[in-house]
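Everything below concerns the one structure shown next.
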2 protein chains.
Amino acid sequence: MNIGDVARKAGLPPKTIRYYEDIGLIKPLRDTNGYRAFRDSDIHKLAFLGRSRALGFTIEDCRNLLALWEDKDRASGDVRAIAKEHLSQIETKIADLQAMRDTLSDLVRDCAGDGRPDCPILKTLETMPTPKS
Amino acid sequence: MNIGDVARKAGLPPKTIRYYEDIGLIKPLRDTNGYRAFRDSDIHKLAFLGRSRALGFTIEDCRNLLALWEDKDRASGDVRAIAKEHLSQIETKIADLQAMRDTLSDLVRDCAGDGRPDCPILKTLETMPTPKS
DNA sequence: ATAGGTATTCCAGTTACTGGAAGGTCAAGC
DNA sequence: GCTTGACCTTCCAGTAACTGGAATACCTAT
């Protein structure tokens with residue numbers, strides 16, 4: 001199957017699929033005309049990658065998850081460790097973003113947002129304490 | 001003042017300060033020896049930038065916020081618009097991450113995480129529906 | 001004179017793609 | 001047979017916001 005059809009099936013842009021080949025995540029065959037010839041196994045891998053990426057795993061995580069997926073003798077503990085680590089990074093990120101959101105929504109609420117120059121948002125950016133300074 | 005002291009005062013690494021000069025956010029003077037000579041106004045700008053970045057504003061947002069900060073005739077509505085837009089992007093991102101987190105924490109909970117190959121995480125990545133496909 | 005700490009510039013690498021140019025291939029229609 | 005349009009190929013460059021490192025210069029104190 002050609003890249004366009006694969007892209008539709010796997011839900012990934014052709015550019016991304018070529019990129020995944022570049023970095024060694026998939027190794028499709030080639031037709032005599034030079035076109036990539038994708039097997040079902042390639043398509044399944046691509047769909048797997050798409051889902052892993054949708055859950056926010058990094059490409060390197062995906063590479064490892066894919067290897068574990070292919071390894072019928074894997075230990076589920078290895079998979080779980082990757083997922084757990086990723087989960088904790090997501091939780092950290094959520095907390096960071098929530099702190100930003102809380103501050104920002106206060107600021108937006110308190111700013112008149114009219115034609116006058118007086119602005120609590122700028123005032124805060126001018127004086128706010130930073131964790132680092 | 002030299003870059004090292006400024007870095008300590010503003011809470012930003014010297015590299016970042018040089019980068020901010022590169023992209024035109026600040027324009028420190030130069031001593032005869034070629035060293036950057038920071039005025040108080042530069043230091044205040046850097047601190048402002050550090051706080052804006054800590055709230056997650058992009059560099060381009062920061063550039064605009066800085067310009068508004070410097071403009072004593074600004075309309076607070078312009079500031080508020082930037083903050084509001086940023087806030088809504090943060091909220092989108094939080095929602096995305098929470099969806100990932102919910103899925104991931106279910107998966108991590110359901111995976112035995114031992115030496116056996118059976119793994120609901122991989123099973124899900126193999127079969128899970130994607131929004132796009 | 002030398003040592004250490006600081007400063008300078010410039011180049012490259014990071015993440016995960018995405019856009020675009022220049023060119024080859026294929027299937028359909030006239 | 002030829003053109004047209006949709007597809008495919010490779011390669012180069014750009015994105016965001018830095019960060020690391022190399023080679024070199026400077027400043028201060030012993």
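Just so we're on the same page: letters track the sequence lines, and every chain starts at 1.
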Starting at atom [atom1] of [X], determine the distance to atom [atom2] of [N], rounded to an integer number of angstrom.
| X | N | atom1 | atom2 | answer |
| --- | --- | --- | --- | --- |
| A/Asp22 | C/dT18 | CG | C1' | 13 Å |
| B/Arg30 | C/dT9 | CZ | C1' | 10 Å |
| B/Asn2 | D/dT28 | CG | P | 10 Å |
| B/Ile3 | C/dG5 | CD1 | P | 19 Å |
| A/Ile23 | C/dT15 | CD1 | P | 10 Å |
| A/Glu21 | C/dA16 | CD | C1' | 17 Å |
| A/Ile17 | C/dA16 | CD1 | P | 17 Å |
| A/Leu29 | D/dT9 | CG | P | 13 Å |

Is a side-chain N or O of [X] found less than 3.5 angstrom from the main chain of [Y], in a donor-acceptor match?
| X | Y | answer |
| --- | --- | --- |
| B/Asn2 | B/Gly4 | no |
| B/His86 | A/Leu104 | no |
| B/Asn33 | B/Tyr35 | yes |

>> Tell me every residue that passes side chain to side chain contact (heavy atoms under 4.5 Å, CB included) with A/Asp106, counting only those two or more places apart in sequence or in another chain.
In response: A/Arg109
> Taking only residues two or more places apart in sequence or in another chain, which ones pass side chain to side chain contact (heavy atoms under 4.5 Å, CB included) with B/Arg39?
Replying inline: B/Leu29, B/Ser41, B/Asp42
> Is the phosphate of C/dA16, meaning OP1 or OP2, less than 4.0 Å from a side-chain N or O of A/Arg63?
Replying inline: no
Report the distance from atom [atom1] of [X] to atom [atom2] of [Y], rounding to the nearest 0.5 Å.
| X | Y | atom1 | atom2 | answer |
| --- | --- | --- | --- | --- |
| B/Ile3 | B/Ile17 | CD1 | CD1 | 5.0 Å |
| A/Leu49 | A/Ile26 | CG | CD1 | 7.5 Å |
| A/Leu65 | A/Asp78 | CG | CG | 10.5 Å |

Qualifying residues under salt bridge (charged side-chain N to carboxylate O under 4.0 Å, His left out), relative to [X], sequence neighbours excluded:
| X | answer |
| --- | --- |
| B/Lys84 | none |
| A/Arg74 | none |
| B/Asp61 | none |

> Which dot-bracket string describes DNA chain C (Watson-Crick N1-N3 plus N6-O4 or O6-N4, or G-U N1-O2 and O6-N3, all under 3.5 Å; [ ] crossing; | other strand)?
Replying inline: ||||||||||||||||||||||||||||||
> When you check every protein heavy atom under 4.0 Å of nucleotides 17-23 of chain D, what one-letter string (B, S, -) results, 5' to 3'?
Replying inline: BBSBB--
>> Expected output is a numbered-order residue list: members of residues 78-96 of chain B with a heavy atom under 4.0 Å from any atom of DNA chain D. What is it?
In response: none
> Which ones in residues 31-42 of chain B lie close to DNA chain D, meaning a heavy atom under 4.0 Å from one of its atoms?
Replying inline: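 DNA chain D contact set from residues 31-42 of chain B: B/Asn33, B/Tyr35.
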Can you give the donor-acceptor pairs under 3.5 Å from side chains of residues 119-127 of chain A to other protein atoms, not counting sequence neighbours?
residue: A/Lys123; atom: NZ; partner: A/Asp118; partner atom: OD1; Å: 3.4
residue: A/Thr124; atom: OG1; partner: A/Pro120; partner atom: O; Å: 2.9
residue: A/Glu126; atom: OE1; partner: B/Trp69; partner atom: NE1; Å: 2.9
residue: A/Thr127; atom: OG1; partner: A/Lys123; partner atom: O; Å: 2.9

> Is any side-chain heavy atom of A/Leu25 less than 4.5 Å from a side-chain heavy atom of A/Tyr19?
Replying inline: no
>> Any salt bridge linking B/Arg63 with B/Glu60? Criterion: basic side-chain nitrogen under 4.0 Å from a carboxylate oxygen.
In response: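 Yes.
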All N/O contacts under 3.5 Å from nucleotides 12-14 of chain C to the protein, with atom names and distances to one decimal?
none

What side-chain donor-acceptor pairs closer than 3.5 Å can you find for residues 87-97 of chain A, not counting sequence neighbours?
residue: A/Ser88; atom: OG; partner: A/Glu85; partner atom: O; Å: 3.3
residue: A/Gln89; atom: NE2; partner: A/Glu85; partner atom: OE2; Å: 2.9
residue: A/Thr92; atom: OG1; partner: A/Ser88; partner atom: O; Å: 3.0

> With B/Arg36, which of B/Lys27, B/Met1, B/Arg30 fulfils side-chain contact (heavy atoms from CB on, under 4.5 Å)?
Replying inline: B/Arg30
